[in-house]
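Worksheet: the structure to be examined is printed underneath.
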Amino acid sequence: MKLALATLGLAASVVASAAEPPPVEHFMRHATYSSARISPNGEYLAIGVDRGGQDVLTVLRLSDLSLMKVNILPDEKSVAGYRWVGDDRLIFTATRKVGSFEAPAGTGEWYAVNADGSQPRPIIFYGNRGASQRGKNVGNEFFSLLDPLEDDPRNVLMIANYARSADGAGTELVQVDTVSGTRKVLARAPKENCSLQIDEKKQARFAICGRARDEQGKYDPNSDLYRLGEDGKWSLVAAGSSGKQLGVSWTAKDGTIYAYESDRKAPPAFGTIDRATGEFRKLFQDAVSEVEGVVISPSDDKALAVITAAGVPKVHLVDEAHPDAELYASLAAAFPGQMVNFSSATRDGRKVIVTVFSDKNPGELYLFDRDSGKARFLMKSREWVDPAQSATMRAFSFKNREGMTLYGYLTIPKGSDGKNLPLIVNPHGGPMGPRDSWGYNPETQLFASRGYATLQVNFRGSGGFGKAFEDMAYGQWRTGIMNDVIDATRWAISEGIADGERICIYGGSFGGYAALMAPAREQGLYKCAVGYVGMYDAQLQYKLSDTGESADGRRYLDRAFGATRGEQDAMSPITYADQIKLPVMLAAGARDRRCPPEHTEAMFEALERAGNRPEDMIIQSGEMHGFYGVENRVNLYSKMLAFFEKHIGPGQRVAAN
């Protein structure tokens, strides 16, 4: 199949000349869209638009991209989780942004509206209503969308969770009418703390029931898989305690059940479950990387390929015989060096929204029409970015001091030979679960535009490499993880990438912790440090953070930090203030509940007592765990760049080739 590209739609704007780097605001502006979905009949395109502190839902007529409706929620609530219900109706939920390092917090409210803005309805809401609305009132249930039932113009399937005990919640499958708001319970999970999956007939079929503790009561997430039989009874298919953990992801239109199987050590295998026997059949497994994504056929929901991402993402076909495998291969070939995936499709699969991105390209949307065989350009996520002027993100791997292979990314300034550069070491947050990934990163692109290379290493504990690798981080924040960060820094020096006399370290959340702890561990290696919304005192985290509010959260902290006061103090950067002898800058959100600003204030005071008063501290009003406001972000990064310039600059401003 030969693919034709039609460059129609929104054109890219002219960017600043390469000789003078773009202003900080160029990198801090929010993307035009965060996601997009085509309506089942192909008439409309719904787009989630990020306005910083609030996301809105925009509906366009696909034929000419004319504006139909902008849906804005009151009280600065954001639109999220939107899906089409039938051909011209949408359902969406409300969230509140709690910081760029944390997922938005759902309010529990759900709304529905037609594409043209007519028939707006609150479907799930809390509080007292009149007698006619009483059937839609919600008590202690929390609803999430499971399936929009695109062939049904009114109803959707939702999951309702409700508290049953201090640590447990019940789960129901509920049919919800998006016009009247009436609800009907269809099935109940077999025990507490479950998620439900439906089959191709849209009936409840599987329950994945989790628990956060092991047999000794310590924090260690695990799950069991149950199946609902035709007799209406649940039966256990796989017990996580047996050493094998099985989880169902989705069921295709032909009844194929896709799942993951894990030994809770290595990266899980991706495959299918035999409907009759419950036996798992492996389609793919990588020794290093978990499956980061799946390419799903837009015509029948079958898995075409899986994506792994130890370094630059790789696509592995799992169904070469499927007709859509050829379509995907043709699309991928049309965008060499970039990642391509199907985003959404019409009911008949004839029109498909295709996403394209790379380390230089922030993202683009195309509309592929099977009838014409053409992919029509729709829009760019950041139209002001010229990929030709963007820096390159290279994947790398090295062996740490223990002989363990670690993976990461280097963003190299455009036009540079990649040698003897001033370097910013940027540990990610978490540390258990999150990871750094390949793709356009506004932050590292900003640093590159000023001549700095940026190093990001997926240290032990990072997600995407299997549970055993993730579990290695518990109790190892000050020791093992810092060894990995320090070893990656020394690797960059030994490879001639970094100028050993011009290296700073900067990070947010756990990265903020690392930015203060690594210099305490390895004095002289870094010339300056920036801690952003960081955790610096274990005792403050127990007392003031939202993590410390729940029993499971405290169990997590006990396992991560150590259960004794001595262990907790030993892993806290504030304990080592007198050993942090380099210039420091600190920043925090005044409303941060994950790593409250008291951490930053206490760290500032401890450094001041030790004779190393930080050069700057920002406690930003209105912001939480990571800044959203463009003005606040511009202020933060402008000060950060001046700080770097002072200590490892002047930044190399390299003209484009």
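Everything numeric here is computed off the predicted structure, so don't read it as measured data.
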Close side-chain approach of K360 to T392, heavy-atom, < 4.5 Å: yes
Heavy-atom pair of closest approach, residues N632 and F627: O-CD1, 4.0 Å
Check: V315 and M339 side chains under 4.5 Å, non-hydrogen atoms: yes
R460, R401, Q476, E522 screened by side-chain hydrogen bond (donor to acceptor under 3.5 Å, both in side chains) with N483, the one that passes: R401
Short side-chain to backbone donor-acceptor contact, D436 and N458, under 3.5 Å: no
Pairwise side-chain contact, R502 with K527, heavy-atom cut-off 4.5 Å (strictly under): no
Separation between CZ of F447 and CG of L423, rounded to the nearest 0.5 Å: 11.0 Å
Donor-acceptor contact below 3.5 Å, side chain S509 vs main chain G511: no
pair E645-Y452: side-chain heavy atoms closer than 4.5 Å: yes
R376 bridged to D369 by N-O distance under 4.0 Å: no
Geometric class of the Y637/Y506 ring pair [parallel <30°, tilted 30-60°, perpendicular >60°]: perpendicular
Q456: which of I424, T444, V425 passes side chain to side chain contact (heavy atoms under 4.5 Å, CB included): T444
Backbone N/O of G629 and side chain of E623: donor-acceptor pair under 3.5 Å: yes
Student check: side-chain heavy atoms of F469 and L406 closer than 4.5 Å: yes
Expected output: side-chain S343 to main-chain I353 donor-acceptor under 3.5 Å: no
Non-hydrogen atoms of A453 and L421 that approach each other most closely: CB-CD1, 3.8 Å
Output field: ring centroids F342/F368 closer than 6.0 Å: no
Backbone of D55 reached by a side-chain donor or acceptor of S78 within 3.5 Å: yes
Min side-chain heavy-atom separation R37-P148 under 4.5 Å: no
Exercise: identify the closest heavy-atom pair between I307 and P313: CG2-CB, 4.0 Å
Heavy-atom pair with the smallest gap, counting every atom of A266 and S262: O-OG, 4.2 Å
No-hydrogen, no-angle side-chain donor-acceptor test under 3.5 Å, T58 and Y33: no
side-chain contact (heavy atoms from CB on, under 4.5 Å) evaluation trace for Y513 with M482: CA-CA 10 Å; Y513 169 99; M482 290 309 103; 4.2 Å; yes
For the student: nearest non-hydrogen atoms of L636 and M585, plus distance: O-CE, 4.0 Å
Side chain E43, main chain L62, donor-acceptor under 3.5 Å: no
Nearest atoms (heavy-atom pairs only) where W84 meets I38: CD1-O, 3.3 Å
CG-OG distance between L60 and S39, expressed to the nearest 0.5 angstrom: 11.0 Å
Flag, side chain of K419 to backbone of E495, donor-acceptor distance under 3.5 Å: yes
Distance in Å, E631 CD paired with M28 CE, rounded so as to fall on 0.5 Å steps: 14.0 Å
Whether Y82 side chain and G48 backbone form a donor-acceptor pair below 3.5 Å: yes
Whether over 12 other heavy atoms sit under 6.0 Å from K265 NZ: no
Under 3.5 Å donor-acceptor pairs involving side-chain atoms of residues 283-295, not counting sequence neighbours:
residue : atom : partner : partner atom : Å
Q285    : OE1  : K282    : NZ           : 3.4
Q285    : NE2  : P267    : O            : 2.7
D286    : OD2  : V288    : N            : 2.8
D286    : OD2  : S289    : N            : 2.7
S289    : OG   : A309    : N            : 3.1
E290    : OE2  : G466    : N            : 3.0

Inter-residue atom distance L65.CG - L45.CG, 0.5 Å rounding: 7.5 Å
From CA spacing to verdict: side-chain contact (heavy atoms from CB on, under 4.5 Å), I296, W250: CA-CA 11 Å; I296 300 174; W250 83 95; 3.8 Å; yes
Residues T32, I47; criterion side-chain contact (heavy atoms from CB on, under 4.5 Å); working and verdict: CA-CA 9 Å; T32 303; I47 303 174; over 6 Å; no
Close side-chain approach of Y526 and T489, heavy atoms under 4.5 Å: yes
Mutual orientation of the aromatic rings belonging to Y407 and F465 [parallel < 30°, tilted 30-60°, perpendicular > 60°]: parallel
4.5 Å side-chain heavy-atom contact, R490 and L525: yes
Selection residues 409-445 - residue pairs positive for ring pair (Phe, Tyr, Trp, His ring centres under 6.0 Å), sequence neighbours left out: H428-F459
Side-chain (S297) to main-chain (S299) donor-acceptor, under 3.5 angstrom: yes
Salt bridge K302-D324, side-chain N to carboxylate O under 4.0 Å: no
From CD (Q197) to CG (D147), nearest 0.5 Å: 10.0 Å
Salt bridge K97-D50, side-chain N to carboxylate O under 4.0 Å: yes
Option passing side-chain hydrogen bond (donor to acceptor under 3.5 Å, both in side chains) with N400 (candidates T405, D484, D487): D484
Enclosure of R281 CZ (heavy-atom neighbours >12, cutoff 6.0 Å): no
side-chain contact (heavy atoms from CB on, under 4.5 Å) between L455 and I503, worked out: CA-CA 10 Å; L455 182 147; I503 301 175; over 6 Å; no
Pairwise distance CG(D499) to CD1(I648) - rounded to 0.5 angstrom: 9.0 Å
Under 3.5 Å: donor-acceptor pair, side chain of S462, backbone of R435: no
